[in-house]
Trainee: 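Here it is, the structure, as structure tokens.
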Amino acid sequence: MMYCPKCGKQLPDGAAFCDACGASFVPEQPELIFEQPKQQKEEPPKSEVKSAFRKWVKDQGLFCLIAKAVAVTVMFFYLLVAVVQAISLGVSDLHYSGGSIFSQFFTLLLTGIVYGVIVWLLSDAVLYLSKLYQMKKNELKNR
């Protein structure tokens with residue numbers, strides 16, 4: 001139930017006018033409350049990122065870091081070779097079919113990616129095995 005704001009007569013919910021005094025009114029509507037969306041988790045401070053990176057580097061070890069650098073270098077090398085070959089084939093022979101240029105480009109590109117991923121995964125396997133070896137060595141030492 002609601003009441004007329006002018007005369008105070010009780011009216012049924014949703015009434016548009018008062019049948020006692022004739023006052024016309026719009027029934028009160030609930031106030032809409034808009035809230036600011038909650039922000040996503042804030043980024044960690046740069047010092048935390050640096051310390052996490054340093055910990056990752058320390059955990060990787062020199063061999064694995066070098067292997068990962070080699071993997072990335074191999075991928076970039078194959079990308080560069082693929083781009084240079086595609087450009088040289090396209091410029092040197094104007095009658096060379098475009099499909100063949102792109103197939104050779106993507107073949108070289110995928111070859112580099114595969115080689116890079118293999119080297120990266122092998123470095124992770126070496127890291128895993130070396131940590132497993134250290135755990136077993138410590139376990140035998142503590143017996």
Trainee: Using side-chain hydrogen bond (donor to acceptor under 3.5 Å, both in side chains) as the criterion, list what pairs up with Asp59, not counting sequence neighbours.
Mentor: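 side-chain hydrogen bond (donor to acceptor under 3.5 Å, both in side chains) list for Asp59, sorted by chain: Lys55.
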
Trainee: Would you please name every residue forming a side-chain hydrogen bond (donor to acceptor under 3.5 Å, both in side chains) with Lys58, sequence neighbours left out?
Mentor: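 Expected list: none.
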
Trainee: Hey, what do you get for CZ (Arg54) to NZ (Lys50), rounding to the nearest 0.5 Å?
Mentor: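 The NZ atom of Lys50 is 6.5 Å from CZ of Arg54, to the nearest 0.5 Å.
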
Trainee: Would you say Val114 ends up clustered with Leu79 if hydrophobic residues are merged whenever their side chains have heavy atoms under 4.5 Å apart, either directly or through other cluster members?
Mentor: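 Different hydrophobic clusters.
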
Trainee: Kindly state each residue pair satisfying ring pair (Phe, Tyr, Trp, His ring centres under 6.0 Å) with at least one member in residues 115-143, sequence neighbours excluded.
Mentor: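 Residue pairs passing ring pair (Phe, Tyr, Trp, His ring centres under 6.0 Å), neighbours aside: Tyr78-Tyr115.
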
Trainee: Anything under 3.5 Å between a donor and an acceptor, one on a side chain of residues 63-76, the other on a protein residue two or more places apart or in another chain? List them.
Mentor:
| from | atom 1 | to | atom 2 | distance (Å) |
| --- | --- | --- | --- | --- |
| Lys68 | NZ | Gln60 | OE1 | 2.8 |
| Lys68 | NZ | Ser123 | OG | 3.3 |
| Lys68 | NZ | Asp124 | OD1 | 2.5 |
| Thr73 | OG1 | Ala69 | O | 2.7 |

Trainee: Distance-only criterion, 3.5 Å: show the donor-acceptor pairs between side-chain atoms of residues 6-16 and protein atoms not counting sequence neighbours.
Mentor:
| from | atom 1 | to | atom 2 | distance (Å) |
| --- | --- | --- | --- | --- |
| Lys9 | NZ | Asp19 | OD1 | 2.9 |
| Asp13 | OD1 | Met1 | N | 3.0 |
| Asp13 | OD2 | Met1 | N | 3.3 |

Trainee: Is Ile118 reachable from Val81 through a run of I, L, V, M, F, W or Y residues, each pair having side-chain heavy atoms under 4.5 Å apart?
Mentor: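 Looking at the clustering, Ile118 is in a separate group from Val81.
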
Trainee: Treating Ile, Leu, Val, Met, Phe, Trp and Tyr as nodes and any side-chain heavy-atom pair under 4.5 angstrom as an edge, say whether Phe77 and Leu108 lie in one connected cluster.
Mentor: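 In one cluster: yes.
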
Trainee: Tell me, please, which residues at least two apart from Lys136 pass salt bridge (charged side-chain N to carboxylate O under 4.0 Å, His left out).
Mentor: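 Applying salt bridge (charged side-chain N to carboxylate O under 4.0 Å, His left out) to Lys136 gives none.
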
